[in-house]
Amino acid sequence: MKGISGFYRTKYCGDVTKHDCGKEVTLMGWVQRRRDLGGLTFIDLRDRTGICQVVFNPEIHPQAHASTHKIKAEYCIAVEGEIRLRPKDMRNPGMRTGSVELLAQRVSILNEAMTLPFVISETADVSDALRLKYRYLDLRRPSLKENIILRHRAARSVRQYLDKQGFIDIETPILTKSTPEGARDYLVPSRVSPGQFYALPQSPQLFKQLLMIAGFDRYYQIVKCFRDEDLRADRQPEFTQIDIEASFLSQAQIMDISEGLIATMFKDTIGVELPRPFFKMTYNDAIRDYGVDNPDTRFSMKLHDISDLVAESDLEVFSSVVGRGGLVKAINVKGPDNLKRKDLDSLASFISNYGAKGVIWARATEKGWQGSIAKFLTHNQISKIEERLGMEVGDIALFVADKKDVVNASLGALRVHIANKLSLVPKDTYSPVWISEFPLLEWSEEEQRLVSTHHPFTAPVEEDISLLVSAPSKIRAQAYDLVINGQEVGGGSIRIHNKSLQQQVFKVIGIGEEEAKFKFGFLLEALEYGAPPHGGIAFGFDRLVMLIAKAASLRDVIAFPKTQKAFCTLTQAPSPVDETQLAELGIKVIKKGED
RNA sequence: GGGGGCGUAGUUAAGCCAGGUUAUAACGCCGGCCUGUCACGCCGGAGGUCGCGAGUUCAAAUCUCGUCGCUCCCGCCA
């Protein structure tokens, strides 16, 4: 077989060890750095595995040495030579291959490189826009490259585990039907049927249920999903799910298999043993203690409801809120030495994001409470609040009084904000927790109707089914989320496998018989052909990788991510298309301001 | 849809609050010297639509308005 320019790669740069000393090897890679000492020249050669130092000595191999004068950073080269131990004092303990080097005999420049728009370095702080435009260069950076390789290992672990558990990998369509519930769809126009549209799947939800009815029993897929909603650091318009569905299993059994999956993945990729079984918490308890349904349980600082203690107090801001049916809740910040008066004042603007009007603070001192509210509360009230919050001298209590949802959202966010600010969040710990017993339905102010919290195929808790008519908003769902370190990483439910129950649920959320038939007729019909009891779960694969990679953004674990405007800086997508393409599809573009 | 942050040589930043001569530094780049470097060192040099557009002013990187891009958050995301 012919090699590249007469060179045959025999080893990766990062794999060179002292056991290779004396061996002839050929490395191929990129020039990380050239150090020209006039006579001796060193080149750090990098490939996907790591870096190996190559030394060029003009007295031993003059021709190879001469060619280094043309070689610059990020040139792609091949080097043949002998691995040898470095002289004793010249070893670099900070480098994996630092005890050896390649003495170059023969070199070939496989390709030159222009001067790069930025240096390939972990320390160089380059703007995201530039990084994304030259993503293929940024991916040469070891840490980003490692994230992508870690992602591969995570996917491999998932596949191995699910295969062992008897799950079958089945592909589902990408061109599918728009669903009315949930996120905005990405639409794909049909040329064959002008004026008609496919939608890209928000998840393979309906197909995996049909696979259960088909009898596949245990299905999984690592699959792309699409949602046309605004982006966040932990949200991309296209993202990857580990999608799972199984028949004849209870909620507890599905949760158990899921725990095994996640624990195995953490073990296989980063060697972390997650304690099993995972903690479990109901939705109501999560909201009560943490204000949110994705609590970060790595630290405490729980929310405490003190409405009953201040309802009758002289403090108008508290008593009036309780009088109107609102809540007063508080967190206790333990001995916050580095929380200054200025920091406390800045909390108000943080909390205003969540609709709260303000946050009130009080510091416990030897002589009683410090802070504006102290004079409005009796000794008895103060000591009761201190008792409930577990306050000691030096602690600061933060209070928010408002409508229930506002209090929970704002104080819940404040809890995390403060913990980060005061470094109360333990590093290198993973704290998984299941959240269950979500409400099946919730009131949508925007649509003025009840909507599904999860999705409309979620089964109610059995003893709550009778509430469908009398008090639908009180029904608990057989739905569950997995939260790790405050990140929702997965969620699922037991599905309705009975047509009449499904129809009742549609009715309650205002989907009429005609509409249901038009949109989900195939599923309703399928449920009548011996559909087995089934349920499943979907994990946000990108978010899981983000957690194990300790990445700050999803962009750091996706090879080619989009910007916050859902724009692909590399390909410049989305972009306009030819008039002829539009004509074929029967589409006319209305420019902004023309309509 | 709303709120915050950022935008100055190839890159990262300083200068902006308080307008005023040639916009400063580091890294990178180019040239020279250097045989044990590993962020090599030393000497010299080039490099700028201060995101874009308008306005205020004798004078704008600096002040005002608009706009574009990146980013964080709220809404939204079953």
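In the text below, chain A, chain B and the rest are named by the order of the sequence lines, each starting its count at 1.
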Could you work out, with salt bridge (charged side-chain N to carboxylate O under 4.0 Å, His left out) as the rule, every residue matching [X], not counting sequence neighbours?
X: A/R84; value: A/E101
X: A/R495; value: A/E245
X: A/R232; value: none

Name all residues meeting the side-chain hydrogen bond (donor to acceptor under 3.5 Å, both in side chains) criterion together with [X]; count only those two or more places apart in sequence or in a different chain, and write none if there are none.
X: A/D234; value: none
X: A/K499; value: A/E528
X: A/D556; value: none
X: A/Y12; value: A/R9

On the nucleotide [N], are OP1 or OP2 found under 4.0 Å from the side-chain N or O atoms that [X] carries?
X: A/R84; N: B/G36; value: no
X: A/K133; N: B/G69; value: no
X: A/R227; N: B/C76; value: no

### Task
At under 4.0 Å between heavy atoms, which parts of nucleotides 38-49 of chain B does protein reach? Answer with one letter per nucleotide, 5' to 3': B base, S sugar-phosphate only, - none.
BSB---------
### Where protein sits on nucleotides 8-14 of chain B, one letter per nucleotide: B base, S sugar-phosphate only, - none, heavy atoms under 4.0 Å
--SSS--
### Message
Listing request: all salt bridge (charged side-chain N to carboxylate O under 4.0 Å, His left out) pairs with a residue in residues 477-487 of chain A, at least two apart in sequence or in separate chains.
### Response
none
### Pair listing, salt bridge (charged side-chain N to carboxylate O under 4.0 Å, His left out) test, anchored in residues 37-52 of chain A, at least two apart
A/R35-A/D44, A/R46-A/E74
### Query
To the nearest angstrom, how far is A/F350 atom CZ from B/C72 atom C1'?
11 Å
### Task
With a 4.0 Å heavy-atom cut-off, tell me which residues in residues 559-572 of chain A come close to RNA chain B, sorted by residue number.
A/T563, A/Q564, A/K565
### Task
Could you label the plane-to-plane angle of the A/H417 and A/F350 rings as parallel, tilted or perpendicular, counting under 30° as parallel and over 60° as perpendicular?
parallel
### Message
By the 4.0 Å heavy-atom rule, please label A/E101 as base, sugar-phosphate, or nothing.
### Response
base
### Query
When rounded to the nearest Å, what value does the distance between P atoms of B/C65 and B/C6 take?
15 Å
